[in-house]
Protein chains: 2
Amino acid sequence: MGFVSRHAQISRAAVLGAGLAIADEKGLSAVTMQAVAGRLAVTPMALYRHVTNKTDLLDGLVELLLTEFPLPAADLPWQERLTRLADSIRASANGHPGVFPLLLQRPANTAAALRVRDAVHLALTDAGLDSEHVPRAERLLSTAVLGFAASEAAGRFAHHERAVLDADFTCLLQSLRLLVEAGADR
Amino acid sequence: MGFVSRHAQISRAAVLGAGLAIADEKGLSAVTMQAVAGRLAVTPMALYRHVTNKTDLLDGLVELLLTEFPLPAADLPWQERLTRLADSIRASANGHPGVFPLLLQRPANTAAALRVRDAVHLALTDAGLDSEHVPRAERLLSTAVLGFAASEAAGRFAHHERAVLDADFTCLLQSLRLLVEAGADR
DNA sequence: ACCTGAACACCGTTCAAGT
DNA sequence: ACCTGAACACCGTTCAAGT
């Protein structure tokens, strides 16, 4: 780990891995083509073989965040599934505070986003929501969780204690569960 | 409008105004010190007399967005006040999609943010919420509205029709109202 | 096919100098 | 007090060239 082979072996995964490591260590602004290349012991121009440009690189980092956690087992109760998913997303945000805020600025229909979305759709269906109401519920629920996680990661609540934010998040999840149950009864 | 006086008259307000105009016209990435200076018919270095650096300039733009709309009259019913506030914030997001997403990445305790926060606090108090529950409710409520508005502004839902997003927002506000009322009954 | 070297048009920011 | 000119250390990206 951190060791770089002599005759640089490069790949898209290696480029994204280096980019994520730099973002985690020094923040998003430190993720430059030159810094990523340097960490791979390669010239900046070498990156363009594996990434079409810097935006593509950042898109790749966001996709990485959305795929690093496992989806909850489908045989768990739906409440449990949604809670674990939300916890995973928050953990991902706090683990990668430099990159996570980008999530709110990209289309919600990328491959990695669909993976999560489908899991939420399934949980909401199992909760008893009409299929016509599921997509909207998923959008609002995901946006609430993402908005909180991104705010926390970006330091919007940096002036609050960690315990306060933990309680905030618990309260958020409980409220969302209540709303889903209310929607299912209708 | 757009006319620039001969012997450049510069001020912080002028700098922020030029920055916001550029962001609205060409996106956040077009907001460079050189572009802002150019619009004011001035050298880039002249800006540093009115803004400590680029971060300070961007902070100023965010503050601008949060102060451009009026707070709802205090004699309106609390539901009406929260709805109008949310509508104003969403309008600000859609009017300044380049800058708005930055809002989620800055501390929530700036002067302009406090102005809005206090209005929400008052509305929640008038709704009958215990004073000890008001701050958390404000945080979650604001984060939900900001998260939705930022997502929409950044194009996260760009693949959905406008009417769908309007209905999403209506649904979000109704859900939040229900939660506040449930919290007040407890 | 993959990487390099040299180059280009930009960035934000400094410093000393003008008025 | 406020603005300018020149300069610096960086950016992302191109193109032709090497292997």
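Letters go in sequence order (proteins before strands), and every chain restarts at 1. Since we're looking at a predicted model, the values are computed, not measured.
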Any-strand Watson-Crick or G-U partner of C/dC11, both distances under 3.5 Å: none
CG on A/L178 to CG on A/L173, rounded to 0.5 Å: 11.0 Å
Nearest-Å distance for atom pair CG/C1', residues A/L40 and C/dT4: 15 Å
Donor-acceptor contact below 3.5 Å, side chain B/R117 vs main chain B/A108: no
Footprint string (nucleotides 12-19 of chain C, 5' to 3'): B base within contact, S backbone only, - free, heavy atoms under 4.0 Å: BBB-----
Base-pairing mate for C/dC2 - Watson-Crick or G-U, with both contacts under 3.5 Å: D/dG18
Pi-cation contact, A/F169 with A/R162 (under 6.0 Å, within 45°): no
Integer-rounded Å distance: C/dC10 P and B/K26 NZ: 12 Å
Spatial distance of atom SG (B/C171) from atom CG (A/L179) [nearest 0.5 Å]: 8.5 Å
B/E181 and B/R177 ion-paired at < 4.0 Å: no
Spatial distance of atom OG1 (A/T32) from atom NZ (A/K54) [nearest 0.5 Å]: 6.5 Å
Short side-chain N/O contact from A/H50 to OP1 or OP2 of C/dC3, under 4.0 Å: yes
